[in-house]
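Throughout, numbering of the chain's residues begins at 1 and tracks the sequence.
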Amino acid sequence: MFINSSAMSIQGLPCGLFLKSDLDILSVYDALKSAYTFEENISRAFTVDLPLYYISDGGNMALPEVRSVSFGDGTDTERMAADLIYQLYIGPETDEHSRSPIKDSFSPQLTLEDEDTGETIQTLFPALSMEGEKLLFQNAGLFLNDPGHMDASLACLYYTFASVFQNLREIQFVFDENAYLVTRENAGQFLGCKVTVYFPDEDLIMLTEYTRVVSAGSAMRAETPAEILMELFSSGAGSGYHIFPAGLKEDFLLSLKIAGEYAILDFKADFYRYLDCLTESEQRSVVYSLINTLCMGIGRARAVQFCVDGEYAGIAGENLNLFAPLLPDMGIMD
């Protein structure tokens with residue numbers, strides 16, 4: 001099945017976006033081709049949506065971007081590798097805060113013969129071979145960018161290739177006399193994801209979003225939402241965004257628990273005395289900064305229940321009712 005010219009399923013098996021099945025595109029494509037008689041002039045080119053991985057701004061994480069990738073007339077490993085490296089080479093299309101792991105000077109093509117002239121086209125593409133579940137890159141120094149962040153660069157290559165070659169278990173990169181073996185386990189340490197935190201704007205009326213990169217593994221840790229709230233409380237140092245009204249302290253938060261669809265925030269009574277000293281718009285900017293960050297930015301809850309010293313909270317100020325769980329507010333965001 002094709003949607004918008006992109007393969008979404010083959011012989012009833014889903015493929016494409018994020019490759020949620022264990023489908024191996026290459027083997028199924030070849031099996032499908034062998035089952036039918038194709039005329040010689042029918043192209044074997046196809047397009048599929050794949051996650052490609054780029055280096056985060058800090059240089060320490062591999063971040064995904066989904067892109068529609070067209071593979072050329074052929075499904076052999078080297079040609080598909082050239083297509084993938086070219087997509088990495090041109091860089092991310094939607095994320096200005098990440099960059100390519102491939103050198104700007106690299107020419108990501110194969111050594112091919114021109115069909116019209118018969119002339120051999122010489123390129124810099126490194127020697128590549130596939131041995132069972134292992135992919136081998138010779139002369140990897142010709143194309144890998146930024147040796148200071150080698151681990152993230154190798155993770156970008158590993159996860160990009162693993163999105164196509166489903167049986168891939170490891171990649172070996174050879175640099176002169178040195179070899180680096182990358183597996184899913186060690187590449188996973190450098191796999192990142194994005195969370196969004198919401199800071200009050202300078203007028204303390206609306207919220208402004210700020211994207212933060214965390215490791216994919218830590219994003220699922222129970223402690224991570226509380227750690228991100230601590231970043232809000234510490235004024236988002238270095239983020240360039242405005243801070244909360246003076247007086248908010250990290251130790252006001254006693255605990256944060258995720259229970260089903262709800263996040264339960266238990267504060268000291270000092271937090272509610274702090275809210276009582278603010279205007280109504282300032283109260284809403286503080287409270288919904290926490291709610292929107294937990295529900296929309298981190299995505300770990302649908303609503304937030306506020307408590308004070310283990311008991312349900314009541315009214316903050318004159319009108320802000322914190323007794324029932326509160327949903328995020330889209331209307332308060334810039």
Self-check item: salt bridge (charged side-chain N to carboxylate O under 4.0 Å, His left out) pairs, two or more places apart, involving residues 259-268
Solution: E261-R302
Practice problem: Could you tell me which non-hydrogen atom of Y159 sits nearest to which non-hydrogen atom of G188, and how far apart they are? | Solution: OH-CA, 3.2 Å
Quiz prompt | Residues that P325 engages under side-chain contact (heavy atoms from CB on, under 4.5 Å), provided they are two or more places apart | solution = Y262, A303, Q305
Quiz prompt | ring-ring contact (aromatic ring centres under 6.0 Å, His included) between F252 and F267, intermediate numbers included | solution = CA-CA 6 Å; F252 284 179; F267 287 99; 7.9 Å; no
Quiz item: What residues, two or more places apart in sequence or in another chain, satisfy side-chain contact (heavy atoms from CB on, under 4.5 Å) together with A269?
Solution: R273, V308, D309
Exercise. Determine the minimum heavy-atom distance between I205 and I332, stating which atoms define it.
Key: O-CG1, 3.3 Å
Quiz item: For the residue pair P328 and M296, what are the closest heavy atoms and their distance?
Solution: CB-SD, 3.6 Å
Practice problem: Measure from the side-chain N and O atoms of R67 to the backbone N and O of L52, and report whether any donor-acceptor pair falls under 3.5 Å. | Solution: no
Quiz item: Is there side-chain contact between I55 and S153, with heavy atoms separated by less than 4.5 Å?
Solution: yes
Practice problem: Please report the closest heavy-atom contact between P101 and L157, naming both atoms and the distance. | Solution: CG-CD2, 4.0 Å
Practice problem: Report the distance from atom OH of Y288 to atom CG of L327, rounding to the nearest 0.5 Å. | Solution: 8.0 Å
Quiz item: Under 3.5 Å, side chain of S100 to main-chain N/O of L88, donor-acceptor pair present?
Solution: yes
Quiz item: Under 3.5 Å, is there a donor-acceptor pair between the side chain of T160 and the main chain of Y53?
Solution: yes
Quiz prompt | Same apolar cluster (I L V M F W Y, side chains within < 4.5 Å links), I264/V287 | solution = no
Quiz item: So, Q172 side chain and A179 main chain: donor-acceptor pair closer than 3.5 Å or not?
Solution: no
Practice problem: Check F190 against D151 and note the closest heavy-atom contact, atom names and distance. | Solution: CZ-CB, 3.4 Å
Quiz item: Would a distance-only check, ignoring hydrogens and angles, find a side-chain to backbone donor-acceptor pair under 3.5 Å from D329 to N292?
Solution: no
Exercise. May I ask you to check whether F173 and Y180 place their ring centers less than 6.0 Å from one another?
Key: no
Quiz item: Can you tell me if T183 uses its side chain to pair, donor with acceptor, with the backbone of E170 under 3.5 Å?
Solution: no
Quiz item: Can you hop from I90 to V69 via hydrophobic side chains spaced under 4.5 Å?
Solution: yes
Quiz item: What's the shortest heavy-atom distance between D276 and A316, and which atoms?
Solution: OD1-C, 4.0 Å
Quiz item: In terms of hydrophobic clustering (I, L, V, M, F, W, Y; side-chain heavy atoms under 4.5 Å; direct or indirect links), are F271 and F323 co-clustered?
Solution: no
Practice problem: Quickly, which of L265, I315, L275 forms a side chain to side chain contact (heavy atoms under 4.5 Å, CB included) with L322? Name it, please. | Solution: L275
Quiz item: Hey, quick one: are M206 and L320 part of the same hydrophobic cluster, counting side-chain heavy atoms closer than 4.5 Å, chains of contacts allowed?
Solution: no
Exercise. Walk me through it: do D270 and K249 pass the test side chain to side chain contact (heavy atoms under 4.5 Å, CB included)?
Key: CA-CA 9 Å; D270 293 337; K249 298 179 180 178; over 6 Å; no
